[in-house]
Engineer: 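I am attaching a structure below and will ask some questions about it afterwards.
Within every chain, numbering begins at 1; the chains are lettered A, B, ... in the order of the sequence lines, protein sequences first and strands thereafter.
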Amino acid sequence: MRAPDPMAEIRASFFVECEELLESLQDGLTAMEGGASDSETINVCFRAVHSIKGGAGAFGLDDLVRFAHRYETVMDEMRAGRLSADAEAMRLFFRAADVLFDLVRAARDGTSLDEADIEATLSELEGLTGGSPKPEGEAEAVEFTPMTLSLDLPGLDISPDEAAAAPGWDISFKPERELFVTGNEPRHLLAALSEVGPLETRCDTSAVPPLWDLDPEENYLSWSMRLAADVDRERVAEIFDFVDGVCRLDISRCSSDVAGATACADRLSPDPTSARPDPEPEPATVPIAEPSAPTPVAAAGQTSPAPASPPEEPAKPKQTVRVDLDRIDRMVNLVGELVINQAMLTQSVAEMGIPANSPVSHGLEEFMQLTRDIQDSVMMIRAQPVKSLFQRMARIVREASASVDKRVRLVTDGEATEVDKTVIERLSDPLTHMVRNAVDHGLESRDKRVAAGKPDEGVVRLSAAHRSGRVIIEVSDDGAGINRPKVKQIAEEKGLIASGLQLSDSEIDNLLFLPGFSTASKVSDLSGRGVGMDVVRSSIQSLGGRIAISSEPGRGTTLQISLPLTLAVLDGMVVRVAGETIVVPLGSIVETLTLAGSEIRHLGPRTSVIHIRDSFVPLLDLGAELGYRTPLGQYDSSVVLLIAKEDGSRSALIVDEIQEQRQVVIKGLQESYGHVPGIAAATILGDGQVALILDPVDLMARASGATRAAADLTIIPGREPSAEESLHAG
Amino acid sequence: MALRDQLHVLVVDDMSTSRGLILQALDGFGVRNVRNAQDGPSALAALGKAPAHLVISDYNMPGMDGLELLKSLRSDTKLGGVGFILITGKADPDIINAGKQLGMNNFIAKPFDPQGLLNCIEAVVGRL
């Protein structure tokens with residue numbers, strides 16, 4: 001393998017670090033906007049910009065340096081209290097943060113930005129302080145003469161690393177009276193210790209009383225020792241096994257640093273009340289060098305061992321390590337293979353007829369559990385909080401509201417919710433569009449809001465949460481809600497639905513997702529960038545997600561995205577239908593049952609429902625829906641999977657046979673086949689066979705009335721629809 | 001043995017990019033005994049564990065800035081004599097003068113190239 005270029009690595013890590021700095025800049029600005037006026041908050045912002053500038057300078061990213069410099073100069077004014085953080089200042093600070101973000105991206109990708117835009121932002125920003133800053137590099141000359149360090153060359157022999165590497169144990173040992181009673185002899189113990197390694201011993205005699213006070217059965221001696229041997233604590237402790245309980249013993253790792261060395265030396269003077277009278281405390285007793293010999297000073301007494309370890313480093317925030325995403329992806333792929341492999345093995349074992357209570361079966365079960373755990377852990381590595389995504393949306397709201405002259409407040413919730421990194425990246429575009437839509441179409445103009453008795457500042461709410469194994473992201477506004485008559489009228493005009501069709505509110509709302517609906521003739525500045533809600537929906541679908549819309553007149557509209565936690569594996573039910581093997585996602589199956597003929601009601605030649613617990617559920621012949629066969633017409637004693645959508649609507653899928661329930665690795669079809677109606681992806685089963693993974697919700701949607709009507713109709717192009725804005729009431 | 005083989009340096013910077021660049025440069029000069037810390041308190045802890053001859057520290061750090069680190073070092077009887085080079089964003093006279101008062105050995109303003117850093121270090125410790 002070629003050695004990586006260290007500079008390229010540092011440069012790459014600079015851009016990663018920039019993302020973090022930009023995030024803390026956003027956090028700081030948001031806090032300031034929310035009223036935080038402490039100096040630390042503005043300092044955080046300043047430092048972020050300053051650090052970006054510093055790093056950029058090292059890589060010669062001049063545009064970035066220039067901008068960051070002028071930005072931080074204005075920020076410095078605020079730091080110094082000469083500029084107040086009013087709404088206008090904050091607006092410009094946010095805008096400058098956006099430009100800084102773009103500049104970082106441009107520098108990373110080697111693209112360039114529109115100079116005029118940047119200059120306009122800067123001049124507005126600098127307008128806050130009423131002057132242009134000193135250009136970089138023209139700081140006043142400072143007088144400074146470097147101060148030579150007198151390096152004591154013998155001192156250089158002291159290698160801190162060697163010192164740090166010196167292994168050993170500090171042992172403090174004080175026999176108690178009982179030690180002698182039990183026939184032990186300290187001398188033997190010390191001799192045994194010295195066989196382990198070089199031992200320095202110091203006997204403390206300071207407690208020995210005058211002869212006339214001496215109790216012959218009492219022990220007055222104690223020992224402080226340093227054992228210079230790289231051995232386990234157990235090796236040291238075992239020597240004292242026989243005197244356990246009849247002595248005071250303290251064994252601690254020898255602290256070899258300077259501070260610790262002093263501490264060790266201190267420990268050698270055992271009694272604080274009697275400073276050792278020894279005029280020559282031999283420096284040699286402490287082999288760990290310090291230029292000046294450690295002077296024993298009064299230290300903690302024997303009973304409470306002196307702190308031999310250096311002060312603990314202050315608690316740090318969570319330790320992290322940066323890993324190339326490719327490596328993680330490789331691991332994800334390998335885990336995927338592991339899951340397939342495990343499935344094959346399970347199948348082979350089952351085919352061999354090995355009993356379920358055999359060791360092989362037990363082992364296999366544990367193996368399955370471990371595989372799942374590994375899988376979860378690997379997926380967790382890929383998970384990231386949606387915060388960065390939400391921060392990007394804050395910018396979209398700022399820009400969108402400015403361009404349509406609305407006052408909009410973005411409220412976010414659940415920023416810490418973690419989602420697969422790929423999902424976050426691929427959500428960016430659809431979410432941007434949804435947020436723009438909310439600002440542009442969802443919210444009414446300021447006049448209309450006031451006229452409707454609402455505050456003139458609209459609210460766009462962005463939330464994320466985990467719910468039953470999926471991630472739910474919602475974009476809602478407190479606007480006027482969907483103007484349903486208008487939507488229906490447009491859909492009819494465009495020929496997307498037959499005129500006069502009776503549609504429920506929810507069916508009308510869902511018309512917004514039809515291809516061709518939002519190809520507004522008047523491309524508005526914001527939403528109408530040629531991207532319709534149908535594109536949003538298909539990008540969400542390509543992530544294995546679903547999107548739902550709900551709206552209340554006068555109260556607002558909510559778009560809900562529901563996504564799988566991972567794009568790699570799925571719990572599925574393997575079924576057979578018309579000779580094909582299909583995997584149905586377990587999450588969508590509510591119940592499985594066998595039909596009795598009496599439960600079936602025929603509503604027409606192609607439409608049947610089943611009667612389940614006081615409700616009627618439409619029957620879908622999976623084989624027919626997927627085009628494998630013509631509808632059977634006779635479903636007595638067929639197997640039925642009752643499936644449900646997020647909104648609670650249900651369908652009964654007719655299949656021929658349920659084979660098993662298992663975890664499958666999702667293999668995308670998109671690249672080769674594009675979006676296949678009713679099919680989410682494919683997988684490889686334990687026997688090596690390829691099976692399709694069903695998208696039940698898509699299947700249900702296709703089978704339901706409104707969309708079927710729409711799908712069957714050709715979109716008539718060239719018709720002039722009215723502007724999209726008019727879709728909303730108010 | 002050349003000085004570069006014996007010199008022990010501690011690099012302190014909260015930004016890993018900057019730390020990386022300085023470590024890279026020191027490596028290029030052949031200085032082998034280099035450690036790094038990401039803030040003032042960990043620098044003090046690191047020096048407490050094992051001494052160094054020279055500290056190269058950024059000024060702009062959260063919590064304890066470079067000058068505060070210098071002040072802590074100079075007021076420590078054991079670590080007081082360590083060499084100290086401050087890295088600043090710009091040659092701000094206020095910072096430089098404050099550093100001078102505290103006994104800073106040298107400073108270098110960003111951006112700098114390896115040669116600039118080498119000159120700065122050699123002005124303090126002599127020829128590497």
Engineer: With only heavy atoms counted, which part of B/Met104 is less than 4.5 Å from chain A, the side chain, the backbone, both or neither?
Structural biologist: both

Engineer: Would you list the pairs meeting side chain to side chain donor-acceptor pair (under 3.5 Å) in which at least one residue belongs to residues 57-75 of chain B, sequence neighbours left out?
Structural biologist: B/Arg74-B/Asn105

Engineer: Rounded to the nearest 0.5 Å, how far apart are CZ of A/Phe144 and CG of B/Asn106?
Structural biologist: 5.5 Å

Engineer: For chain A, which residues from residues 10-20 of chain B lie under 4.5 Å away (heavy-atom distances)?
Structural biologist: B/Asp14, B/Met15, B/Ser16, B/Thr17, B/Gly20

Engineer: What's the separation between atom CD1 in A/Ile10 and atom CD in B/Gln24, rounded to the nearest 0.5 Å?
Structural biologist: 4.5 Å

Engineer: Using a cut-off of under 4.5 Å on heavy-atom pairs, state which of B/Pro62, B/Gly83, B/Ala123 scores highest against chain A.
Structural biologist: B/Pro62

Engineer: Looking at A/Ser51, A/Gly60, A/Ser13, A/Cys18, which has the largest count of heavy-atom pairs under 4.5 Å with chain B?
Structural biologist: A/Ser51

Engineer: So do A/Met7 and B/Leu21 actually touch side chain to side chain, heavy atoms under 4.5 Å?
Structural biologist: yes

Engineer: Show the nearest heavy-atom pair for residues A/Met147 and B/Val124, with the distance to one decimal.
Structural biologist: O-CG1, 3.7 Å

